[in-house]
Amino acid sequence: MMPRLKNTDLMIVIALVVAAGVVVLLDGPALLRSLLTLPLVFFLPGYALLAALFPADELETPARLLMGVALSLALVAVGGLVLHFSGLGLQGTTWLFVLVGISGAGCLVAWVRRRSLPVGLAGVHLVGLTPVQLLLVAGALGLAVAAVGIARSGVLGQPRAGFSELWMMPASSAPTRDPSIKIGVTNQEGMPVRYGLVILDQDDRVLSSWDAIDLGQGDHWQTTYTLPSTIPPLERVEARLYRADAPDSVYRRVSLFPSASDQNGAGP
Amino acid sequence: MRPTWGWLPVLSVVYGLALVLVAFGYSTARSGGELATLFYWLGLLGIFTPTAIRLAGTSASRHERIGLVVLAGLALYMVKVLHSPLDFTFHDEFLHWRTASDIYLSKRLFLENPILTVSPLYPGLEIITTAFAELSGLSIVDAGLVTVGAGRVVFMLALFLLFERVGRSAQIGGLATLLYMGNSNFLLFDSQFSYESLSLPLATAVLCIALVEQQTHRFRAWQLLVIVAPIVMTIAMTHHLTGYALGGFLLAWMLASPLIRVGWRDTLTVGLTGALTLAAILGWTRFTGNVAQGYLGPVVSGGLNEFFRLVVGTDGGRQLFQGATGQVSPVWERIIGLLSVAGIVALLPFGISQIVRTPLGNRRPQPGVAVMQATMLRAWHRNKGNAVALVFAVVALLYPVMLGLRLTTSGWEIANRSSEFIFWAVAYVICLGFLALRSRRVAEGVWRAAFVIWATIIFLGGTIAGWPPWARLPGPYLVSADSRSVEPESIAAAEWAGLHLEAEGRIAADRINTLLLANYGHLWPVTHQHDRLYISPVYMSERLGGYELGLIRAVRLQYALVDQRLAQSLPRVGVYFEVGEPGSERYSAPPPLENLTKFDRLPNVSRLFDSGNIQIYDVEALNDATS
C-alpha cells in the first residue's frame, strides 16, 4: 500500500527536530549546528502547534508562516519563564528538551487529528520557483553575503590610531604582607614596537628597569616585581613606559600606592 | 495553485546590489571617503524605489507583493546589520546585551542590570536570543542579530496582512506596508537589539490575527486563546510601552465596533484578545512591581511640561535639524525632511475622509483612474464599516500633535517613541489618501510615477528624521557620539578592567565607557538609574570638594575611568555622562583637560592603567577623604 503523503510536513518537522537535537547533543560542526537550530528556535515549535490546532490546513500559507514564527518566538519566551521558575535553568540541554518536546507533541497531536481527514488536505505547498528564478535568488543571497564581507573588512581595516597599554596592580590583595606588584604592557600600535620600562620610587629613584621589551602587534608582556623592603608602606611607586624610537618622552605612566587601600581599610 | 513570483527574483538581485552599495558606503565612510554618503543613499533608494515601482503597479500577484515587502524589509534590516557587522555598537543595544549576557552566564533571569534597571524585568528578547545562542553555539551578538531578523520577518508579514485585511486589497496591503517604512524609527531604531524590535512585530501580529479571525471566523475561541495568549504574554514580558500601545489600540477597536454595528461575535473576538492583553500587561506589571511607570513617567511628564512651556511662550523649543553641538543638517536633508512631513500631513485628510465617509457614494469611479478601481471601490465601501479603519483614522490625527512635541527637547522623546505605533494608522490612512487622488486625465503611468516619488520622499524623510547624519554612517571617533565613540581603545580598557579589577567593583565612567565597562568588562558602573545620583560633577569640577566627595562616598566608588578625549569637543548627544546631568543644558565648551585629570594630583589615588587617551584610577581612598 502506498504511504499517505498528507503528513509530509510533519515528517519534515520531525526530521529537522531530530537532526537539530543530534547535532546539539554531539556538539556538531558550527555551521551545521547554526543552520539546524535556526528553525528549531524560530519556526518548528510554532508550526507544530498550528498543525495541531488546524489539522485540516485551514490557514493560508502567509498567515501560517506569520503565526508559525510569531508562535515560536512566544513559545520560546514563555518556555524561558518556565525553565527559570522550575529551577532547571536556561541552558542548552533544557532548551533542547523544551523545544523538541513542544515540536514533537504538536506533531503527534496533528498526526492523530489528521487521521480522520481524507488524503489531499494538509500537505506541503511548494514554493514554485523556476530554475532561473532559483538562480537569481541564489545570486541575491551571494550578493548579500558579499555585502557582509565588505562591511566586515571595512570594520577591520578602518584606519585608527594605535595605542599601547601600561598597567600596574598589587600582586595580592594584602600588599603589606606581599609587597609584589604586577606590571603589564600591551602593544596595539599596529606594528612591532620596542619598549623600555622603568620603575621608580616617589623620589624618582630607579628601582628596576627593562630596556628592550619587544612586542609585536597584539602581544602582551607581564612581570611581577617585588618591591624592596626599604620602600615605606604608603609610598608611591611609579612605572614609566618609553618607546625605543622616542626614549626621552614618557609614553605611558602608571602609579600605585601599594598599601593605600589596605591602610584605609584598617582606619576608623 | 502555485504562487507566481513575477519580478521578485530579479528585484532580490537588485536588493543584493543595493546592499553591496551600502556596504561600500560604510567602508568608505570609515576611511573618510567623500562618496560614502552617495553610496549609502543610492543603496537605500535601490531597495525602496524599485519596490515602490512594482507595488504601485497592478500586475504583481499577491504572493509577489508579500515576497517583496518581506524581502525589502529584510534588506533594510541588513542596512543596520552592515553598519555594525561584528558587534553591537548602538547605545540601546549595550543595555540589552548586558541582560542577555547575565542570562547566558547565570542560566537564570531577573539579575540586576546597572545600565538599564528595567531590562531584566522585560527579558523576552534576551530569553529568545540566549536560547538560540545556547543551542547554536553562536555568540550573543550573532544570535541577537538573527532574533531581531526573525522579528522583522514577522513584522513585514503582519503589516501586509493587517493592511490587506483592513483595505480588502493586496495592493493596499503592499503600498501601506511600504509607506510604513517611512516611519523615522523603521530603518535603525527598530532594527537594533532592543526590546521594542521584538515586541512591535509581535503586537502587529496580534492585531493581524484578531482581524483575520474577525473576518474569516476560522478560529474557535479556544484556538484563538491558544494562539494569542503566549504572544501577548511575550509582548507583556518584552516591552512595557508596546503592551500599553497594543492594549490601547484593542480597546479603541472594541469601542469603535458598536459605532459601526459590528456583530457581537466579531466584537467578542476583539474583546477576548483585548482581555488577554490586559491580563498579561496587568499581571506582568504587578509581577515587576510597576517599575516601568517609574522609568516612563519622568519622560512623559518632562515632555508634556516642556511642550506646555513652548505653547505659552516660556520655552524657546528645540532647533530642528540641528544637533547638540550646533551642527546643521545639509540643505537637501532639511528640504526632504520638510517635504516628507508635508506629504504626510497633506494626505491625511483625504485618507480619513475615505474612511469616515465614501465620497463616491454609489457612483462608480471614472475611467482613467488606476486599473485597481474596482478594488478601490470595494475598499472604500468596506472602510465605512471597518472598525480598525475607523481606529486608524482617529489615531492618525495624533500625527500632527506629535509633530508639535518634536519641537521640544523632552517632547521629542515621546514623539519619537510613539511614532512606530502611530504609523500603523498613518501608513494606512495616507495610502488611502493617495489612492483617493484621482483625475480623469491622469494616465496610470503618471499616477504610478507620482506615487513612487511621493513614497520615496516619505521614506527618505523618515530616515533623515530618525538619526542624525553623524550617526547614520560609521566613521572616525567622535566625543560622546554613541556608535561613533565605540572604538578599540575603549573596548580594550573595558576588557582590561574586567580582567583585573574587582568583579563587582563600583566604577565610574562617561556615557560610552560606562556601556563598554558593563558589557566587555561585566563590571558594575555607577548610573543615575541604579544609584539615583549623577557622578558627572566628580569629573567636571575643577577640584573635589565636599559635594563631589559626598557623591563618591554615596556609591562607595572604587575606580574612575577617565577618557581625556572628552576635553576635545562638545558631546554629540548633548551629554558626556547621562541625560539630565548637571550643567548639560549649558555646555558651551568642553571641560578643561585639567579637570578630567585631577585624579593625578590627589593623594593615595593610584593610576592603575594608561592607554594614552584612557586612564583608570583606584579612588577608593577618597571615600575616607574630607577634602
Side-chain angles (χ1 to χ4, degrees), chain A residues 24 30 33-34 37 40-42 53 58 62-63 65-67 69-71 73-78 80 84 89-92 95-96 126 128-129 133 136-137 139-140 143-144 146-148 150-152 154-155 158-160 163 165-169 188 252-257 260-261 264 267, chain B residues 2-3 5 9-10 12-13 15-17 19-20 23-24 26-27 30-31 66 78 82 85-86 103 107-109 124 127-128 130-132 134-138 150 153-154 157-158 161 202 205 212 218 223 226-227 230-231 233-234 488-489 492 500 604 606-612 620-621 624:
Chain A
V24 170
R33 190 170 162 174
S34 302
T37 52
L40 179 62
V41 174
F42 295 106
L53 289 172
E58 299 97 313
L65 180 62
L66 167 67
M67 283 190 258
V69 179
L71 260 181
L73 292 170
L75 289 170
V76 173
V78 175
H84 171 79
L90 288 76
Q91 46 200 333
W95 275 121
L96 205 57
L126 299 178
L129 285 169
Q133 290 174 331
L136 287 170
V137 171
L143 285 169
V148 173
I150 293 168
R152 289 172 70 99
V155 174
Q158 180 171 348
R160 298 186 195 275
F163 60 96
E165 298 174 349
L166 172 67
W167 58 269
M168 185 160 65
M169 296 282 292
Q188 296 286 0
R252 298 286 182 262
R253 181 177 59 82
V254 291
S255 61
L256 190 65
F257 291 86
S261 57
N264 286 329
Chain B
R2 284 171 181 255
W5 298 108
V10 172
S12 67
V13 175
Y15 298 154
L17 290 169
L19 288 176
V20 169
F24 266 123
Y26 287 151
S27 292
R30 291 183 188 281
S31 51
I66 293 174
M78 284 300 297
L82 295 176
L86 298 181
I103 295 172
K107 313 305 180 190
R108 54 196 183 98
L109 303 176
I127 290 175
I128 299 167
T130 53
F132 186 49
E134 288 274 1
L135 291 171
S136 65
L138 292 174
V153 172
V154 170
L157 276 171
L161 294 175
L202 291 179
V212 165
R218 280 195 181 152
Q223 290 172 321
V226 170
I227 294 171
I231 299 178
M233 182 65 209
T234 302
E489 186 176 348
H500 293 95
N604 294 327
S606 300
R607 178 166 155 147
L608 302 175
F609 175 93
D610 182 6
S611 63
E620 191 166 15
D624 299 314

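Because the structure is predicted, anything quoted here is derived from the model rather than measured.
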**Prompt:** Crowded around B:F609 CZ? As in, over 12 foreign heavy atoms under 6.0 Å?
**Reply:** yes

**Fill in**
Most heavy-atom pairs under 4.5 Å with chain B, out of A:A146, A:G89, A:A63, A:A70, belong to A:A70

**Fill in**
Counting heavy-atom pairs under 4.5 angstrom with chain B, the leader among A:G92, A:G139, A:A30 is A:G92

**Asked** Okay, side chain of B:D610, backbone of A:R253: is any donor-acceptor separation there less than 3.5 Å?
**Response** yes

**Main-chain N/O of B:L135 paired to A:R33 side chain as donor or acceptor, under 3.5 Å** = yes

**Message:** Which one wins on heavy-atom pair count under 4.5 Å against chain B: A:V24, A:L96, A:V155?
**Reply:** A:V155

**Item:** Which atom of B:S31 lies closest to which atom of A:P159, heavy atoms considered
**Value:** CA-CD, 3.9 Å

**Request:** Let me know which of B:I66, B:V153, B:L157 forms a side chain to side chain contact (heavy atoms under 4.5 Å, CB included) with A:L66.
**Result:** B:L157

**Request:** Identify whether the distance between the nearest side-chain nitrogen and carboxylate oxygen of A:R160 and B:E489 falls below 4.0 Å.
**Result:** no

**Prompt:** Relative to chain B, which segment of A:L40 carries a heavy atom at a distance below 4.5 Å: side chain, backbone, both, or neither?
**Reply:** side chain

**Asked** In terms of heavy-atom proximity below 4.5 Å to chain B, should A:V254 be classed as side chain, backbone, both, or neither?
**Response** both

**Complete:** Max heavy-atom pairs within cutoff under 4.5 Å with chain B, candidates A:V76, A:V78, A:V41, A:I150, goes to A:I150

**Item:** Choice from B:Y26, B:Y15, B:F132 maximising heavy atom contacts with chain A below 4.5 Å
**Value:** B:F132

**Request:** Against chain B, label A:Q188 side chain, backbone, both or neither, depending on which of its atoms sit under 4.5 Å from a heavy atom there.
**Result:** neither

**Request:** For chain B, find which of A:A140, A:G80, A:A144 contributes the most heavy-atom pairs closer than 4.5 angstrom.
**Result:** A:A140

**Point-to-point distance, once rounded to the nearest 0.5 Å, from CG of B:D624 to CG of B:N604** = 10.0 Å

